[in-house]
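Note that these values count all heavy atoms, side chains included, but never hydrogens, waters or copies made by symmetry. Here is how names work: the chains are called A, B, and so on, in the same order as the sequence lines, proteins then strands, and each is numbered from 1.
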Protein chains: 2
Amino acid sequence: MAKPDVSTPKGFRDFLPLAAAGRAFLLEKIKKVLEKYGFEPLETPAIEYAQTLKGKYGDEEKLIYEFEDRGGRQVALRYDQTVPLARVVAQYQDLPMPFKRYQIQPVWRAENPQKGRFREFLQIDFDTVGEKSLIADAEIIAAACACLKEIGFKNFNVKVNDRSVFKELPQTAISAIDKIKKIGEDGVFVELQNKGFKPGEARKILDQIRQNTSTALIDKLFKNLENLGVQKDLYAFDPTLARGLDYYTGAIFEIEIDGYTAGSIGGGGRYDDLIGVFSNNNIPAVGFSFGFDRLMEAAKEANLLPETGSSTKVLVTIFNENLTKDSLALTTSLRDAGVNTQVYLDPEAKLDKQLKYADNKQIPYAAILGPEELKEAKITLKDLDKQSQEKLTLTEVLKKLAF
Amino acid sequence: MAKPDVSTPKGFRDFLPLAAAGRAFLLEKIKKVLEKYGFEPLETPAIEYAQTLKGKYGDEEKLIYEFEDRGGRQVALRYDQTVPLARVVAQYQDLPMPFKRYQIQPVWRAENPQKGRFREFLQIDFDTVGEKSLIADAEIIAAACACLKEIGFKNFNVKVNDRSVFKELPQTAISAIDKIKKIGEDGVFVELQNKGFKPGEARKILDQIRQNTSTALIDKLFKNLENLGVQKDLYAFDPTLARGLDYYTGAIFEIEIDGYTAGSIGGGGRYDDLIGVFSNNNIPAVGFSFGFDRLMEAAKEANLLPETGSSTKVLVTIFNENLTKDSLALTTSLRDAGVNTQVYLDPEAKLDKQLKYADNKQIPYAAILGPEELKEAKITLKDLDKQSQEKLTLTEVLKKLAF
């Protein structure tokens, strides 16, 4: 029989243990900070009725994974976490307001797979719904900065603008301005003309943007940031920041990490007309979204992920079948003390093979319990990185490995 | 404009903050224990090629969510985590063996929604692949027991049987025996006849099961459990345990929690012929799967979930607009000290309204910073549960709230 063709579908990814552990490490830090800022977890299902998602994403709607279920209903996979949030706010009318939630779930988009673009990726969203005060906007920015600091980033820039100054401009012009960092001012000048603006109009739009100064809204937002103790050199007004999405109504922001050149690692802003779409109310909201893949990449480049990928700290070897019992007892003692421990599962394997396994798995230590060690009531602890070893009592081993 | 109809699709669930926090609480404990036992995280995509899943689930195949993507490929949503594990093992040939992985992701099944049965639910799987030693089986059981103990369960029963004693029986008979706990021996007697067995045959099958005694495999497994320090009164041989799935080849086990009557909260066993399906090799494997919904329900009934649902410890109120600055500074001090803190976001709201918000959100404390408190350099800390309050210095507040 021929070997069946097995592969991960194009645009999708497996995360093997080292990668998955790195992801968990970063997510843990982010959740901790968001809860410190009073955001609470929300989970929505992967599948929504297609009508819930339709008419919400403009041109991008064609990227929605939509299909008919066995009951003949049109359903769709989660495309972002903002529309599900809007549905939840409309559906559970007794949610205490403001509703501060974070949501960390995968979304699916039928993108053309290319470098750094996937069909399934994790989004990290946090939003404050039901509050129009600028303290909410400031807190969103402060929380985003605190997440980055917790991960270990020291130098990054929050660019802030007031989207309402673009109010008179059509969305096509805003989308063109949004590209200013990628293609420069000259590029935007051309792009605007491609979108139908005359050279004079395009020039006028660009001149006006350059001349825009900080608004009263921005001043007040910055005052709140100061009161919240956010370092002043982390944020600045940027008249060219536009953000592509058309639903923003007030402050908009984007964060770039110094030295990470692939683009901003997240952004957000105020969108007071979107959340109420299902309830026909105006429900003010402000939020932020981290691109998790970029955040992972930036953290990796900056050496902020733990060096040893294996979550296992020590491999207990088995000297021979007769001594299995002692190695299992040692394994249990280590685990009871909180040490992540593997025991080699095949008592017939040679010690060399066992140590090679630990090495392959990037497990930092191996514990050896042979007849000699048992006689002395000691354990040989091998540091696989330094290739050194010492004989220790259980108490000494625990002191070395427990955290 | 009429309000659009908004709802969660039938069979799917939203988890609002209190529920989501309870889930996260339990998952955190389980992950910690599984890593202590040397299992490492694996993530696979929600979408697989349909051909990867097909022919693996017998009759249940009709419950797979399958659809054509925009590129005309037949794809399907993850139905369980065992088939993706088998794909991963075949696809990444350089995975060090044994491969001990845990996987906690949602799966989707087009079930008829009914009480306790959903179309999207979380599975908690942990498996050891590539090792036939019974130490692996024992370790799986020990890890499952440790998870339950970590959650706080004290009394539960691991029922163990040797599936190979059923080797001569057709799958229909095994499926009937599997129902013995639900429908009793008389029920199985009828069920076997419905499946085409003559009364005499059915009687013989039942008699034989009753007479089955522990096998050499079970004795050896129990010895390993003893060596791993698993409490003897937690596990026992059960000749009537059959497990429904047809892929088991050796030890099988199931756990019931005393006092929880909805059924077993998890089970597993050895399945040496399944994982190699994509590579045409025999790759031995043993694993366990917790039903997360039942585990949550059992933990709730046993009062093992934290009482206060909100992850926020304290709400900092804002006395009036002029004192906003001071309340924001206090908020930051609390957060910097690791206290999960919300600040009331609307400085114009009356204090009563602010306290009511804390109450609704089940936030246990409120901090009040008025002109009087500021003069004395103190903070009024209100215990919303006890309806008592005291004036404290910041240091005293931190001592009370920080953990």
Counting only heavy atoms closer than 4.5 Å, note whether B:Leu330 contacts chain A via side chain, backbone, both or neither. neither
Would you find a donor on one side and an acceptor on the other, under 3.5 Å apart, between the side chain of B:Gln81 and the backbone of B:Gln103? yes
Heavy-atom donor-acceptor pair, A:Gln362 side chain to A:Asp359 backbone, under 3.5 Å: no
Between A:Lys132, A:Lys10, A:Lys62, which residue shows the highest count of heavy-atom pairs closer than 4.5 Å to chain B? A:Lys62
Rounded at 0.5 Å granularity, tell me how far NZ in B:Lys36 sits from OG1 in A:Thr331. 13.5 Å
At a heavy-atom separation under 4.5 Å, does A:Glu48 approach chain B through its side chain, its backbone, both, or neither? both
Under 4.5 Å to a heavy atom of chain A? For B:Arg101 that would be neither
Is it the case that the side chain of B:Thr341 and the backbone of B:Val339 share a donor-acceptor pair, with hydrogens and angles ignored and the cut-off at 3.5 Å? yes
Checking side chain to side chain donor-acceptor pair (under 3.5 Å) for the pair B:Gln74/B:Gln51: CA distance, chi angles, key distance, verdict? CA-CA 8 Å; B:Gln74 282 302 118; B:Gln51 67 168 32; over 6 Å; no
Leading residue by heavy atom contact count with chain B [cutoff under 4.5 Å; candidates A:Arg70, A:Lys356, A:Glu66]: A:Arg70
Cationic tip of B:Arg73 within the cone over B:Tyr49's six-membered ring, i.e. under 6.0 Å and within 45° of the normal? no
Heavy-atom cut-off 4.5 Å, strictly under: side chain, backbone, both or neither for B:Ile318 against chain A? side chain
Among A:Pro106, A:Ala24, A:Ser133, A:Pro45, which residue has the highest count of heavy-atom pairs closer than 4.5 Å to chain B? A:Pro45
Let's test your reading of the structure: which of B:Asp346, B:Thr128, B:Asn360 forms the most heavy-atom pairs below 4.5 Å with chain A? B:Asp346
Interface moiety of B:Leu77 toward chain A, non-hydrogen atoms closer than 4.5 Å: side chain
Rounded to the nearest 0.5 Å, how far does CZ of A:Arg13 lie from CZ of A:Phe121? 9.0 Å
Would you say A:Lys56's side chain and A:Val83's backbone share a donor-acceptor pair under 3.5 angstrom? no
Mind ranking A:Ala138, A:Pro96, A:Pro84 by heavy-atom pairs under 4.5 Å with chain B and telling me who comes out on top? A:Pro96
Let me know if B:Tyr92 has heavy atoms under 4.5 Å from chain A in its side chain, its backbone, both or neither. side chain
Part of B:Thr324 lying under 4.5 Å from any heavy atom of chain A: side chain
Contact part of B:Asn224 toward chain A, heavy-atom cut-off under 4.5 Å: side chain, backbone, both or neither? both
Measure distances from B:Glu35 to the heavy atoms of chain A and classify the residue's part below 4.5 Å as side chain, backbone, both or neither. both
Test item: B:Pro41 and A:Phe15 side chains (from C-beta on) under 4.5 Å apart, heavy atoms: no
A:Glu28 bridged to B:Lys31 by N-O distance under 4.0 Å: no
With a 4.5 angstrom heavy-atom cut-off, which part of A:Tyr102 approaches chain B: side chain, backbone, both or neither? neither
Less than 4.5 Å to any heavy atom of chain B: does that hold for the side chain of A:Glu226, its backbone, both, or neither? neither
May I ask you to decide if B:Leu323's main-chain N or O and B:Lys325's side chain share a donor-acceptor pair within less than 3.5 Å? no
Let's test your reading of the structure: which of A:Pro9, A:Gly38, A:Ala20 forms the most heavy-atom pairs below 4.5 Å with chain B? A:Pro9
Among A:Glu348, A:Gln342, A:Met97, which residue has the highest count of heavy-atom pairs closer than 4.5 Å to chain B? A:Gln342
Please determine, among B:Val33, B:Asp326, B:Leu42, B:Thr8, the option with the most heavy-atom pairs under 4.5 Å with chain A. B:Thr8
Relative to the ring of A:Phe12, is the ring of A:Tyr65 parallel (under 30°), tilted (30 to 60°) or perpendicular (over 60°)? tilted
In terms of heavy-atom proximity below 4.5 Å to chain A, should B:Tyr357 be classed as side chain, backbone, both, or neither? side chain
Specify which of B:Val343, B:Leu228, B:Val75, B:Leu34 makes the most heavy-atom pairs with chain A at under 4.5 Å. B:Leu228
Without swapping roles, check the side chain of A:Arg23 against the backbone of B:Glu43 for a donor-acceptor pair under 3.5 Å. no
Out of B:Ala110, B:Ala46, B:Ser333, B:Gly229, return the one with the most heavy atom pairs under 4.5 angstrom to chain A. B:Ala46
